[in-house]
Amino acid sequence: MNQKKILTVIKIISIPTLYALALRYVFGESTWSGVFNMMSKTFLFLLPSIVGALTVYFSSAEKVEKISYRIFAPWAPIFAFFVITLFFAIEGWPCLVMILPIFLLAASFGGLIGGYFKLKKKDNNIYISALTILPLLLSPLENFIGADSSPYKAYTFIDINAPAEKIWDNVTRVREIKEDDDKGWLTRLLNFPRPVKAELNFEGTGAYREAIFTNGLVFHETVTEYIDNKKMSFTIKALPHEIPLTTMDEHLVVGGKYFDVLNGTYQLEQLNEKTCRLHLWSNFKLTTTFNFYASWWAEKIMKDIQNNILQIEKKRAEGK
């Protein structure tokens with residue numbers, strides 16, 4: 001590859017990457033949070049689409065004629081953007097993992113749209129100039145409309161071959177969980193705090209329960225309904241000021257601006273003489289302008305946490 005081609009490749013990747021970094025700064029600056037917000041459709045969908053269009057815009061018409069180029073070439077600046085933000089701790093690993101699928105799809109979409117205009121040769125300079133400032137115009141409007149606040153439920157269950165009394169003892173109070181017993185693969189991948197133990201001061205309505213996780217995350221729970229060996233419902237409160245800044249990404253903090261867990265319920269069902277089914281569900285709330293996507297991740301995370309705890313309770317109740 002000669003020097004001219006190398007410079008062209010650098011240009012194709014670096015300009016869209018620098019554009020993405022500039023918008024990340026603008027949308028991430030707390031001073032402008034009332035106008036520009038990272039937790040928005042504008043940032044999540046429009047930014048990578050423009051990155052894709054820019055990549056194609058700076059490419060040769062010969063390359064752009066290939067559909068595969070328009071689809072996959074925009075991925076290069078997206079990955080460059082991710083590497084830079086991760087390396088300089090601008091963005092956390094969990095957030096990057098969650099937005100990667102959308103960024104790649106949107107970048108490819110932008111590449112296809114950009115390719116159409118480039119090959120048609122219809123005022124490309126005007127088109128690309130208007131496109132690059134579009135997020136700055138749409139974001140204030142999106143913030144003015146506001147975010148949706150919607151409730152969601154995560155339901156899980158497990159069958160346990162043990163007496164109800166023994167199962168219930170492991171439900172109300174969960175003794176310390178060793179790291180080797182933790183099977184929460186998704187929360188581990190996203191570097192979420194893992195469960196350590198749960199403490200209950202007494203069995204009955206009004207009781208106080210603490211579900212303690214690593215890195216300072218504590219769920220403060222108040223029992224609202226209690227039927228011994230059958231059902232326990234409780235409110236859940238996480239206090240953001242108790243959670244160290246290094247524990248979770250600011251956009252994923254439990255009890256924060258965007259995500260909160262509201263309540264939960266354990267219910268024990270006798271299936272036969274030897275087997276019980278332990279149900280566990282929780283209700284949580286999301287407040288974003290893209291709940292349709294955020295809720296998919298939130299439900300997967302909550303189910304991973306719940307399934308992990310249920311497996312631990314099953315193993316202990318069955319004496320394994």
Side-chain angles (χ1 to χ4, degrees), residues 5-29 32 35-120 122-143 251 288-290 293-294:
K5 287 185 177 180
I6 292 174
L7 291 175
T8 302
V9 171
I10 292 174
K11 178 182 177 182
I12 291 169
I13 296 175
S14 63
I15 294 179
T17 303
L18 289 172
Y19 173 80
L21 290 169
L23 255 66
R24 167 62 181 82
Y25 171 76
V26 171
F27 278 70
E29 179 58 46
W32 304 323
V35 180
F36 305 111
N37 191 341
M38 283 182 57
M39 297 292 283
S40 64
K41 293 175 186 172
T42 303
F43 185 86
L44 188 63
F45 297 97
L46 188 56
L47 168 61
S49 297
I50 296 173
V51 167
L54 285 171
T55 305
V56 170
Y57 173 77
F58 289 110
S59 300
S60 66
E62 182 182 357
K63 289 184 176 179
V64 175
E65 285 178 352
K66 299 177 182 178
I67 293 291
S68 58
Y69 183 86
R70 287 180 250 170
I71 292 174
F72 295 110
W75 290 14
I78 293 295
F79 282 117
F81 170 73
F82 275 37
V83 169
I84 291 170
T85 53
L86 184 63
F87 181 80
F88 289 101
I90 299 172
E91 200 62 70
W93 172 253
C95 266
L96 294 180
V97 171
M98 291 182 191
I99 67 174
L100 178 60
I102 291 295
F103 263 52
L104 293 179
L105 287 173
S108 293
F109 175 77
L112 291 170
I113 298 298
Y116 170 80
F117 281 98
K118 185 174 181 69
L119 296 177
K120 291 292 182 179
K122 291 184 177 180
D123 300 322
N124 284 334
N125 292 334
I126 296 175
Y127 147 73
I128 206 70
S129 298
L131 194 60
T132 54
I133 65 171
L134 194 56
L136 303 179
L137 302 177
L138 290 183
S139 182
L141 178 61
E142 185 177 355
N143 272 276
H251 305 114
T288 74
T289 60
F290 51 91
Y293 181 69

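Using a distance-only test at 3.5 Å, with no hydrogens or angles considered, a donor-acceptor pair links the side chain of Tyr19 to the main chain of Thr132. Side-chain atoms of Arg24 never come within 3.5 Å of backbone atoms of Thr85 as a donor-acceptor pair (strictly under, hydrogens ignored). No donor-acceptor pair under 3.5 Å is formed between the side chain of Lys41 and the backbone N or O of Glu142. Using modelled atom types, one side-chain atom of Ser49 and one backbone atom of Ala106 make a donor-acceptor pair closer than 3.5 Å. A donor-acceptor distance shorter than 3.5 angstrom exists from the side chain of Arg70 to the backbone of Val64, with no hydrogens or angles considered. Using a distance-only test at 3.5 Å, with no hydrogens or angles considered, no donor-acceptor pair links the side chain of Thr42 to the main chain of Leu47.
In this structure the side chain of Tyr127 reaches within 4.5 angstrom of the side chain of Ile113, judged on heavy atoms. Side-chain atoms of Ile50 and Leu23, non-hydrogen and from C-beta on, never get closer than 4.5 Å to each other. In this structure, the side chains of Phe103 and Leu96 stay at 4.5 Å or more apart for every pair of heavy atoms. A 4.5 Å side-chain heavy-atom check between Phe45 and Ile102 finds at least one atom pair inside the cut-off. The shortest side-chain heavy-atom distance between Ser129 and Ile133 does not fall under the 4.5 Å cut-off. Side-chain atoms of Leu137 and Leu141, non-hydrogen and from C-beta on, never get closer than 4.5 Å to each other.
When every heavy atom of Pro16 is checked against every heavy atom of Pro77, the shortest pair comes out as CB-CB, 3.9 Å. Contact record, Ala73 with Thr55: O-CG2, 3.8 Å, taken as the closest heavy-atom pair. Taking every heavy atom of both residues into account, Gly92 and Leu86 meet most closely at C-CD1, 4.5 Å. Residues Trp32 and Val26 approach most closely at CE3-O, 3.5 Å, considering heavy atoms. Heavy-atom minimum distance, Ala61 versus Leu119: O-CD2, 4.0 Å. Considering all non-hydrogen atoms of both residues, Pro135 and Pro140 come closest at O-CD, 4.3 Å.
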- Item | Pair Phe79-Thr17, side-chain contact (heavy atoms from CB on, under 4.5 Å): steps then yes or no | CA-CA 9 Å; Phe79 282 117; Thr17 303; over 6 Å; no
- Item | side-chain contact (heavy atoms from CB on, under 4.5 Å) between Ser139 and Asn143, intermediate numbers included | CA-CA 6 Å; Ser139 182; Asn143 272 276; 3.5 Å; yes
- Message: Run Phe82 and Ile99 through side-chain contact (heavy atoms from CB on, under 4.5 Å) and show every step you take.
- Response: CA-CA 10 Å; Phe82 275 37; Ile99 67 174; 3.7 Å; yes
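Within the structure, every pair that satisfies the ring-ring contact (aromatic ring centres under 6.0 Å, His included) test and touches residues 51-78, not counting sequence neighbours, is listed here: Phe72-Trp75.
Around the CZ atom of Phe109, the shell of radius 6.0 Å holds no more than 12 heavy atoms that belong to other residues, nucleotides or ligands.
Expressed to the nearest 0.5 Å, how far CD1 of Ile90 lies from CD1 of Ile84 amounts to 8.0 Å. For the atom pair CD1 of Ile128 and CD1 of Ile126, the computed distance is 12.0 Å after rounding to the nearest 0.5 Å. With values rounded to the nearest 0.5 angstrom, Glu65 atom CD is found 10.5 Å from Lys118 atom NZ. Taken to the nearest 0.5 Å, the CD1 atom of Ile13 stands 9.5 Å off from the OG atom of Ser59.
Relative ring orientation between Phe27 and Phe36 is described as tilted, the plane-to-plane angle lying within the 30° to 60° band.
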